[in-house]
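Scroll down for the structure; my scribbles are underneath it.
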Amino acid sequence: MTLRSVILGTGSALPRRRMTNAELATMVDTSDEWIVGRTGIRERYIAGEGETTATLATDAARRALDMAGLAASEIDLIILATATPDQTFPASATIVQAALGIDDCIAFDVAAVCSGFLYGVTVADNMLRGGAAKTALVIGAETFSRILDWEDRTTCVLFGDGAGAIVLRAEESDQASGRGILASRLHADGRYNNLLNVDGGPSTTGTVGKVRMKGQDVFRHAVVNLAAVMGEVLEASGIASDDVDWVVPHQANARILDATARKLGLAPERVVVTVDRHANTSAASVPLALDTAVRDGRIQPGHIVILEAMGGGFTWGASILRY
Ligand code: COA
């Protein structure tokens, strides 16, 4: 037996308001045909009055706790991955903690943009196996709509808002066949900061800034880096790519998903795709897609699942687990 972090529940939340490509075409010079053809995105959800990163995160967390059958009081660690916190400080994780009525636990945010959930999962897994905590909520939540330049058609059509959460618990697991996270790998390369960033911040302009991206350059790096890091977790876990049941990728662009799967020889029907409905929700995209595939019955206990993401920094990472 070995101590592993096991997913006991998943949950997600979307804002009330759905925005189609047709609606976007009334705001900037774009078309449904261009957006679907280049990205696979058909619609996204946009946060409205009273909806924030922390409210969406709290809703997703409650659903994950419900599925796990656990009371919020059993949580002793909250890691919230976001690039769009409610406030510069305190961490939105503490807002979620208060909303869930948890008196005392470890709570902090991680900032790794679209890879944030993978960073959060990896940190939580190490803290759980190291004994710092027993039961964790790892959440990815974003309201990117609030940092988009709604006059820049090269970025505003690509992103959406939402949240996803998992409950992870440290459990003794059979070495060969037991559930839990089997291996994770993280990377960052800050030389590429300028390809995907926001043009502001508390310590520079004193504003939050707007998203800026050189899309084609990001695309090129994404396919190479994601295929490489998925190869690393396969090797570290000793699992062959043929034995992978599901890949739950960061949902940035349907063409990146296809190209990455092809590079690894994974069948496209093994890739969970929600980018058509959610667009790119940054740190929320992996847990949102995971929850979708768990709740519609595709991902079953015992399945081998790879989670992967790449984002601004660049940062990127992957985890492989037995669900
Ligand atoms: N509607 C219509 N036309 C648009 C447009 C839009 N929303 N956005 C850009 N265009 C135009 C461009 O101006 C350009 O016109 P030009 O040829 O007259 O200059 C043309 O479409 C092609 O633009 P280009 O940027 O070369 O398109 P692309 O095929 O690279 O697709 C992305 C653009 C952004 C969809 C693609 O590069 C991408 O997905 N990159 C990765 C982004 C990503 O994953 N980011 C997040 C990582 S976390």
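As the structure lists them, so they are numbered: ligands from 1, and atoms in each ligand from 1.
Geometric assessment of Arg16 against the ring of Tyr45 yields a negative cation-pi assignment under the 6.0 Å and 45° thresholds.
Checking atom 40 (N) of ligand 1 against the protein gives a heavy-atom contact under 4.0 Å. Distance screen at 4.0 Å: atom 37 (O) of ligand 1 has a protein heavy-atom neighbour inside the cut-off. Distance check on atom 28 (P) of ligand 1: some protein heavy atom falls below the 4.0 Å cut-off. Atom 6 (C) of ligand 1 is approached by the protein to below 4.0 angstrom, counting heavy atoms only.
Listed for the Gln251 side chain is a donor-acceptor partner under 3.5 Å among the backbone atoms of Val275. A donor-acceptor pair under 3.5 Å is formed between the side chain of Asp109 and the backbone N or O of Ala93.
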Worked verdict on Thr135 versus Asp76 for side-chain hydrogen bond (donor to acceptor under 3.5 Å, both in side chains): CA-CA 6 Å; Thr135 312; Asp76 51 9; 4.8 Å; no
Full working for side-chain contact (heavy atoms from CB on, under 4.5 Å) between Val272 and Arg298: CA-CA 9 Å; Val272 175; Arg298 275 179 285 175; 4.2 Å; yes
Steps toward side-chain contact (heavy atoms from CB on, under 4.5 Å) verdict (Arg322, His303): CA-CA 6 Å; Arg322 189 174 286 105; His303 276 174; over 6 Å; no
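At a heavy-atom distance under 4.0 Å, atoms from both the backbone and the side chain of Thr154 approach ligand 1. Only the backbone of Met310 comes within 4.0 Å of ligand 1, judged by heavy-atom distances. In Asn280, the part holding a heavy atom less than 4.0 Å from any atom of ligand 1 is the side chain. By the criterion of a heavy-atom distance under 4.0 Å, both the backbone and the side chain of Thr30 are placed next to ligand 1.
Each of the atoms 38 (C), 39 (O), 40 (N), 41 (C) of ligand 1 lies under 4.0 Å from some heavy atom of Phe219. For ligand 1, the atoms closer than 4.0 angstrom to any heavy atom of Thr39 are 35 (C). Annotation for ligand 1: atoms under 4.0 Å from non-hydrogen atoms of Asn253 are 35 (C), 38 (C), 39 (O). Close contacts between ligand 1 and Gly311 involve ligand atoms 48 (S) [criterion: under 4.0 Å to a heavy atom].
More than 12 heavy atoms of other residues, nucleotides or ligands sit less than 6.0 Å from atom CD of Gln300. Under a cut-off of 6.0 angstrom, the local environment of CZ in Arg62 is crowded, with over 12 non-hydrogen atoms contributed by other residues, nucleotides or ligands.
Scanning all protein heavy atoms for the shortest distance to atom 13 (O) of ligand 1 gives Arg153 NH2, 3.0 Å. Scanning the protein heavy atoms around atom 10 (N) of ligand 1, the nearest turns out to be Trp34 CZ2, 3.4 Å. Protein heavy atom in closest approach to atom 48 (S) of ligand 1: Cys114 SG, 3.1 Å. Looking only at protein heavy atoms, the nearest one to atom 26 (O) of ligand 1 is Gln216 NE2, 2.6 Å.
Ring pair His221/Tyr192 is tilted by interplanar angle, where 30° to 60° counts as tilted.
Note on Asp29 versus Arg153: salt bridge recorded, some NZ/NE/NH1/NH2 to OD/OE distance being below 4.0 Å.
The shell of residues lying under 4.0 angstrom from ligand 1, judged by heavy atoms, excludes Ile35.
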